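Have a look at the structure below before the remarks.
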Amino acid sequence: MKFFRTLTATVTLVAALSVTAFAAPKSIKVATDATWPPMEMVDANKKIVGYDIDFMNAVAKEAGVTVEFKNTAWDGIFAGLDSGQYDAIISSVTITKERQAKYDFTEPYTSIGQILVVPKTDKTSKVIANLKGKKVGAQIGTTGAFEIKKVAGVELKTYDEIGLAFEDMAAGRISGVVCDEPVAAHFALQKKEYRDKFKVVGKSFTKEAYGIVVKKGNTELVALLNKGIKAVKAKKLDVKIHSKWVK
Amino acid sequence: MTADNRPMIEVSGVCKYFGSFQALDDISFSVRDGEKVVIIGPSGSGKSTILRSINRLETIDRGKIIVDGMDVSNPKVDICKVREEVGMVFQSFNLFPHKTVLENLTLAQIVVRKRDRQEAEKIAMELLHKVGIAEKAAAYPAKLSGGQQQRVAIARSLAMNPKAILFDEPTSALDPEMIGEVLDVMKTLAREGMTMVVVTHEMGFAREVADRVIFMDHGRIVEEGTPEHFFTNPTHERAKLFLSQIL
Amino acid sequence: MTDNQSPHKAIEVGDGAAIPHKSDSGLFTAWRIAFFGAIALCLFLAFGRSDQYMAIFKFVPDGILVTFKVTLGSILLAIVVGLIAGLGRISTNRFINGLASLYVEVIRGIPLLVQLFYIYYALGRFVKIPDMVSAIIAMAVCYGAYMGEIFRAGIQSIPKGQMEAALSLGMSRGQAMRQVILPQAFKVVLPPIGNEFIALLKDSSLVSILAVSDLLRRGREYASETFSYFETYTVIALIYLVMTLFFSKLIGIMEERLNDGR
């Protein structure tokens with residue numbers, strides 16, 4: 001009996017796998033760390049929303065697939081892709097050489113840069129190097145964290161979520177936060193708890209592009225998503241989404 | 001009134017309840033300076049309870065207890081002052097196991113009487129000589145026999161120069177061969193004129209040492225008188241029965 | 001025969017890690033295999049063929065130091081908090097007793113992780129204190145509640161006659177507590193406190209969510225940059241294992257010394 005059940009299950013599983021392998025996927029699972037407003041966040045209705053979410057939905061529609069989002073903590077988000085818990089990541093992932101060595105990216109879909117946020121009481125600091133001997137925070141494993149690490153004499157503090165870094169700066173435990181420009185704008189200029197306390201200083205000091213991440217070698221999915229991105233850009237849908245979320 | 005004819009301990013109309021059980025029922029007696037009073041009676045008769053009430057280890061519900069002019073039954077009276085003047089010896093010795101014999105004797109002298117260490121140790125050694133265990137001064141209580149421990153406990157009490165000592169069944173926890181050595185120490189104290197209230201089952205001791213015997217039953221004083229009267233010609237049936245069982 | 005001669009009752013509170021005693025030969029052997037095995041594996045990985053492990057070992061040491069500082073700071077503070085809570089729990093003053101009981105009940109009813117977030121960010125709202133100090137305070141407040149129960153049980157395990165003897169010598173309750181009860185209670189509570197220390201060492205990994213750069217956070221930082229999750233967490237787990245085994249052994253030795261003492 002038991003053997004029979006196992007056998008049936010195995011056959012079903014193999015069948016299911018072969019179907020997904022040969023046919024174009026109808027639905028894809030996409031991970032996002034929804035703690036990165038306005039790119040991806042959870043709204044009051046507990047729905048994952050944001051620039052990336054709208055963009056991904058638009059791409060999927062153009063590519064003829066449906067998307068199921070999975071809210072995933074950032075510092076395990078790549079490990080989850082490795083272990084096959086989802087098919088792709090759209091989570092403001094900057095395309096870097098190190099990441100490209102281990103994962104495949106789609107074409108870039110938007111460009112941003114890192115920027116520094118400091119308390120309003122700090123009248124002098126313009127760049128990270130001005131904060132020597134002090135602590136500067138960023139989300140763990142982000143390009144912002146990597147940028148801080150490059151500056152000798154500045155102590156990097158990493159947070160699970162960027163919001164916790166801003167809260168710690170409000171508590172006076174750190175002297176600056178580095179993150180993607182739209183995120184910095186969201187926290188320092190729009191959030192009413194912080195806009196009187198923080199300011200964005202200088203200009204963004206890196207040139208980065210976001211891409212959607214898939215497992216290395218999954219060329220089919222990359223091709224499918226690239227097709228979608230191309231169509232979205234052609235229809236200028238990305239411009240609309242951008243003006244909706246980034247102010 | 002002068003100090004000479006005022007009783008050292010005066011108990012009048014004391015009642016105590018444990019829940020609905022009446023442990024003490026209208027107990028009145030007094031102890032003059034230098035007097036030795038032995039309280040006897042079957043277990044559960046309330047003899048330990050009244051003894052423990054004298055230094056407020058038990059609180060009473062009605063009545064009055066005056067010790068050396070201080071009202072023990074008044075919660076506002078500093079009970080520590082009373083306890084400094086009235087020593088107590090327990091059935092289970094209650095030596096401090098983490099302190100040496102010598103330290104057991106010096107602790108309260110230093111902490112309560114504010115004597116300096118040297119003086120306290122001198123007094124302690126004299127008392128240890130007196131009770132015959134000076135050679136054990138550096139030992140810990142666990143290394144001593146029961147009889148030795150109880151002699152240390154008596155010496156500990158004496159070190160405070162009390163005006164009276166309460167003995168709560170001091171030999172009941174001892175092996176028979178050790179009872180004699182403890183009673184000998186108590187007899188010496190009696191001869192020296194110490195005021196003593198002793199709860200005991202040792203009828204020989206009561207006969208030999210007591211100025212007065214109090215017999216209690218069911219929380220009441222049934223009979224009170226000289227040992228001679230009590231042991232040879234008790235008035236009450238209950239006392240006669242008790243004596244016939246015990247002698 | 002007498003209650004003050006009998007060895008103090010062992011009290012069972014909490015469970016951090018098994019403390020290896022010579023009397024428990026099974027556990028003792030297991031300890032040796034685990035401890036030396038873990039060290040051997042560390043050495044093998046560090047000096048083995050791949051440079052990757054060596055890089056991880058080079059990345060995390062300051063995290064070990066932070067983990068150690070947080071653990072030590074927290075346990076010391078927790079002992080102080082616990083002693084106060086424990087004394088409060090046995091106090092005859094109804095207000096103090098109620099307050100101490102409330103503290104213990106509230107803390108024990110909230111997950112440690114939630115408390116850490118709460119205390120860390122709540123403290124940040126009102127006072128400016130460095131992250132590590134906040135983390136230590138948060139851990140100490142949590143563990144103080146458990147420690148309080150250990151102290152309460154420890155104090156209550158001392159025979160009633162000890163307090164009575166001290167009082168009848170004219171000592172105040174405070175003097176009796178300090179001179180007679182607590183010195184005896186400390187001996188009773190030492191083993192469970194040792195247990196709590198090990199538990200706290202492991203739970204200190206939770207402070208990594210507070211952006212304190214402890215061992216786990218260092219590991220996470222390394223993994224999130226290099227994507228070598230398996231290798232990194234292998235190393236992190238091994239280091240924690242070596243640390244907890246080392247300290248459980250140390251506590252075992254301390255306890256044996258104490259019991260041989262007298």
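Naming: A, B, ... by sequence-line order, numbering from 1 per chain. Please read these numbers as outputs of a predicted model, since none were measured by experiment.
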At a heavy-atom separation under 4.5 Å, does B/Val89 approach chain C through its side chain, its backbone, both, or neither?
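Interface part for B/Val89: neither.
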
Interchain contact, B/Arg52 with chain C, by part (heavy-atom threshold 4.5 Å):
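For B/Arg52, the side chain is the part near chain C, not the backbone.
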
Should we count [atom1] of [X] as having more than 12 external heavy atoms under 6.0 Å?
X: B/Gln118; atom1: CD; answer: no
X: C/Lys249; atom1: NZ; answer: yes
X: B/Lys187; atom1: NZ; answer: yes

Locate the shortest heavy-atom distance separating B/Phe90 from C/Ala165; write the atom from each residue and the value.
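In terms of heavy atoms, the two residues are closest at CE1-CA, 3.6 Å.
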
Compare all side-chain heavy atoms of B/Leu107 with those of C/Val180 and state whether any distance is below 4.5 angstrom.
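The answer is yes; the side chains approach within 4.5 Å.
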
First locate atom [atom1] of [X], then atom [atom2] of [Y], and finally report the distance between them rounded to the nearest 0.5 Å.
X: C/Gln179; Y: B/Ile110; atom1: CD; atom2: CD1; value: 9.0 Å
X: C/Ser172; Y: B/Ile79; atom1: OG; atom2: CD1; value: 13.0 Å
X: C/Met171; Y: B/Arg83; atom1: CE; atom2: CZ; value: 11.5 Å
X: C/Leu169; Y: B/Asn94; atom1: CG; atom2: CG; value: 10.0 Å
X: C/Ser168; Y: B/Arg56; atom1: OG; atom2: CZ; value: 14.0 Å
X: B/Lys99; Y: C/Gln184; atom1: NZ; atom2: CD; value: 9.5 Å

Counting only heavy atoms closer than 4.5 Å, note whether C/Ala166 contacts chain B via side chain, backbone, both or neither.
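Contact with chain B is through both the backbone and side chain of C/Ala166.
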
Answer with side chain, backbone, both or neither: which region of C/Gln175 has an atom nearer than 4.5 Å to a non-hydrogen atom of chain B?
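Answer is side chain: those atoms of C/Gln175 sit under 4.5 Å from chain B.
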
